[in-house]
> 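Below you will find the structure I want to go over with you.
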Amino acid sequence: MDNNPTAEELIKRLELVKHPEGGWYRETYRSEESIQVAALSDRFTGDRSVCTAIYFLLQSGEISALHRIKSDEIWHFYSGVPLTVHVITPEGTCYPLLLGPDALAGEAFQRVVPAGCWFGAVVHQEGYSLVGCTVAPGFDFADFEMGCRERLLKQFPEQSEVVQLLTKST
């Protein structure tokens with residue numbers, strides 16, 4: 001693989017599969033240790049791994065649809081073009097997190113999405129972004145909720161542009 005691999009080459013080499021929210025992913029780490037449900041916040045319904053990590057690849061023309069989880073998620077930029085993660089807080093504030101290699105342009109190699117926020121991502125240039133996502137307490141699909149366009153538009157009408165961009169009509 002050369003220094004400028006294509007998205008298809010990375011998907012194959014990293015053994016990525018389609019993610020329910022869009023894009024491509026593979027879990028790369030799940031801690032052997034777990035946290036007992038009694039020691040967790042009451043928003044969790046069972047034991048959780050201490051930490052999990054994935055590769056995530058998003059191409060131009062794809063979206064990571066709005067979704068939320070019950071843990072903080074740290075996004076790490078690895079390669080490709082910049083990626084914007086749009087975050088909507090439970091109170092309705094919306095803000096972008098720009099990930100990429102150019103710190104002077106306001107991009108960062110790491111950004112955090114707080115637990116309970118709605119978030120989704122898009123690549124604004126031709127190409128792809130390869131990132132990693134680390135979740136603690138560890139990710140479990142029981143904690144994953146996909147956003148519904150109609151519900152989110154009712155709850156956050158002032159964020160209609162982001163909701164329209166990062167959801168599909170049902």
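Everything numeric in this text was worked out from a predicted model, so none of it was measured.
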> Check whether more than 12 heavy atoms from other residues, nucleotides or ligands sit under 6.0 Å from atom CD of Glu33, and answer yes or no.
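Atom CD in Glu33 is not packed in, count stays at 12 or less.
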> Hey, what's the ring geometry for His76 with Tyr78, parallel, tilted or perpendicular (30° and 60° as the breaks)?
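Parallel: the ring planes of His76 and Tyr78 meet at under 30°.
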> Are Phe139 and Val17 connected in the hydrophobic side-chain network, where two residues link if heavy atoms are under 4.5 Å apart?
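Phe139 clusters together with Val17.
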> Any donor and acceptor pair, going by atom type alone, linking the side chain of Gln159 with main-chain N or O of Gly92 inside 3.5 Å?
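Yes: the side chain of Gln159 pairs with the backbone of Gly92.
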> Let me see the working for Thr6 and Tyr128 under side-chain contact (heavy atoms from CB on, under 4.5 Å), right down to the final yes or no.
CA-CA 8 Å; Thr6 66; Tyr128 66 84; 5.7 Å; no
> Could you grab the distance from atom CZ of Arg26 to atom CD1 of Ile11, nearest 0.5 Å is fine?
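Between atom CZ of Arg26 and atom CD1 of Ile11 there are 13.0 Å.
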> Spell out, yes or no, whether Leu99 and Ile74 are grouped together once hydrophobic residues are joined by side-chain heavy atoms under 4.5 Å, including indirect joins.
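Different clusters.
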> Between atom NE2 of His124 and atom OG of Ser129, what is the distance when rounded to the nearest 0.5 Å?
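If we round to the nearest 0.5 Å, His124:NE2 and Ser129:OG are 9.5 Å apart.
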> Report the hydrophobic cluster partners of Val162, with the cluster defined as I, L, V, M, F, W, Y residues connected by side-chain heavy atoms closer than 4.5 angstrom, directly or transitively.
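Ile63, Leu66, Ile88, Trp118, Val122, Leu152, Leu153, Phe156, Val163, Leu165, Leu166, which link up through side-chain heavy atoms under 4.5 Å apart, make up the rest of the cluster.
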> With a 6.0 Å cut-off on ring centres, are His67 and Phe119 close enough?
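Yes, the ring of His67 comes within the 6.0 Å limit of the ring of Phe119, centre to centre.
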> Taking Pro114's backbone N and O only, do any of them form a donor-acceptor pair with Asp72's side chain (distance below 3.5 Å, no angle check)?
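No; judged by distance alone, with no hydrogens or angles, the pair does not exist.
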> When rounded to the nearest 0.5 angstrom, what is the spacing between CG in Leu57 and CH2 in Trp24?
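Those atoms lie 9.0 Å apart.
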> Should the ring pair His19 and Phe56 be called parallel, tilted or perpendicular, given that the plane angle runs from 0 to 90° and is split at 30 and 60?
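His19 and Phe56: perpendicular rings.
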> More than 12 non-hydrogen atoms from neighbouring residues, nucleotides or ligands closer than 6.0 Å to NZ on Lys154, yes or no?
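Count not over threshold, so no.
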> Looking at CZ of Arg149 and CD of Gln164, how far apart are the two atoms once the value is rounded to the nearest 0.5 Å?
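It is 4.5 Å, given to the nearest 0.5 Å.
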> Tell me whether Tyr95 shares a hydrophobic cluster with Val112, the cluster being built from Ile, Leu, Val, Met, Phe, Trp, Tyr side chains joined at under 4.5 Å.
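Different hydrophobic clusters.
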> Answer yes if Leu130 and Phe109 sit in the same cluster of Ile, Leu, Val, Met, Phe, Trp and Tyr residues linked by side chain heavy atoms under 4.5 Å apart, and no otherwise.
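In one cluster with Leu130: Phe109, no.
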> So if you build clusters from Ile, Leu, Val, Met, Phe, Trp, Tyr with side-chain heavy-atom gaps below 4.5 Å, do Leu83 and Val87 land together?
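Result: yes, single cluster for both.
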> Taking all non-hydrogen atoms of both residues into account, name the closest pair between Pro137 and Ile35 and its distance.
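So the two residues come closest at CB-CD1, 4.2 Å.
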> Show, in sequence, the C-alpha distance, side-chain angles and deciding distance for Tyr25 and Leu16, and conclude whether the side-chain contact (heavy atoms from CB on, under 4.5 Å) test is met.
CA-CA 5 Å; Tyr25 85 109; Leu16 306 179; 5.5 Å; no
> Is there a side-chain contact (heavy atoms from CB on, under 4.5 Å) between Glu21 and Phe144? Walk through the geometry before answering.
CA-CA 10 Å; Glu21 76 196 44; Phe144 178 88; 3.7 Å; yes
> Kindly write out the residues that satisfy side-chain hydrogen bond (donor to acceptor under 3.5 Å, both in side chains) with Gln59, not counting sequence neighbours, or none if the list is empty.
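With sequence neighbours excluded, Gln59 shows a side-chain hydrogen bond (donor to acceptor under 3.5 Å, both in side chains) to no residue whatsoever.
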> Rounded to the nearest 0.5 Å, what separates atom CD in Gln36 from atom CG in Asp47?
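The distance works out to 4.0 Å.
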> Taking the side chain as C-beta and beyond, is there a heavy-atom pair between Pro82 and Asp102 under 4.5 Å?
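Not in contact.
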> Check whether any side-chain N or O of Ser31 sits under 3.5 Å from a backbone N or O of Ser49 as a donor-acceptor pair, and report yes or no.
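Side chain of Ser31 to backbone of Ser49: no pair is present.
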> Quick check: does any side chain N or O of Arg48 sit under 3.5 Å from a backbone N or O of Asp140, one acting as donor and the other as acceptor?
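Judged by distance alone, no pair lies under 3.5 Å.
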> Closest heavy-atom contact between Ser60 and Glu126?
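Heavy atoms only, the tightest pair is OG-OE2, 3.5 Å.
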> Where is the tightest heavy-atom contact between Thr167 and Gly147, given as atom of each residue plus distance?
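Between these two residues, the closest heavy atoms are CG2-O, 4.4 Å.
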> Between Val135 and Ser71, what is the shortest heavy-atom contact and its length?
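Between these two residues, the closest heavy atoms are CG1-CB, 3.5 Å.
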> Write down the atom of Ala121, the atom of Trp75, and the distance for their closest heavy-atom approach.
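Reported closest heavy-atom pair: CB-CH2, 4.1 Å.
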> My understanding is that only residues two or more places apart in sequence, or in another chain, count here; which of them pass side-chain hydrogen bond (donor to acceptor under 3.5 Å, both in side chains) with Ser34?
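For Ser34 there are no side-chain hydrogen bond (donor to acceptor under 3.5 Å, both in side chains) partners, ignoring immediate neighbours.
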> Quick one: closest heavy-atom pair of Arg68 and Cys117, and the distance?
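Taking every non-hydrogen atom into account, CB-O, 3.1 Å.
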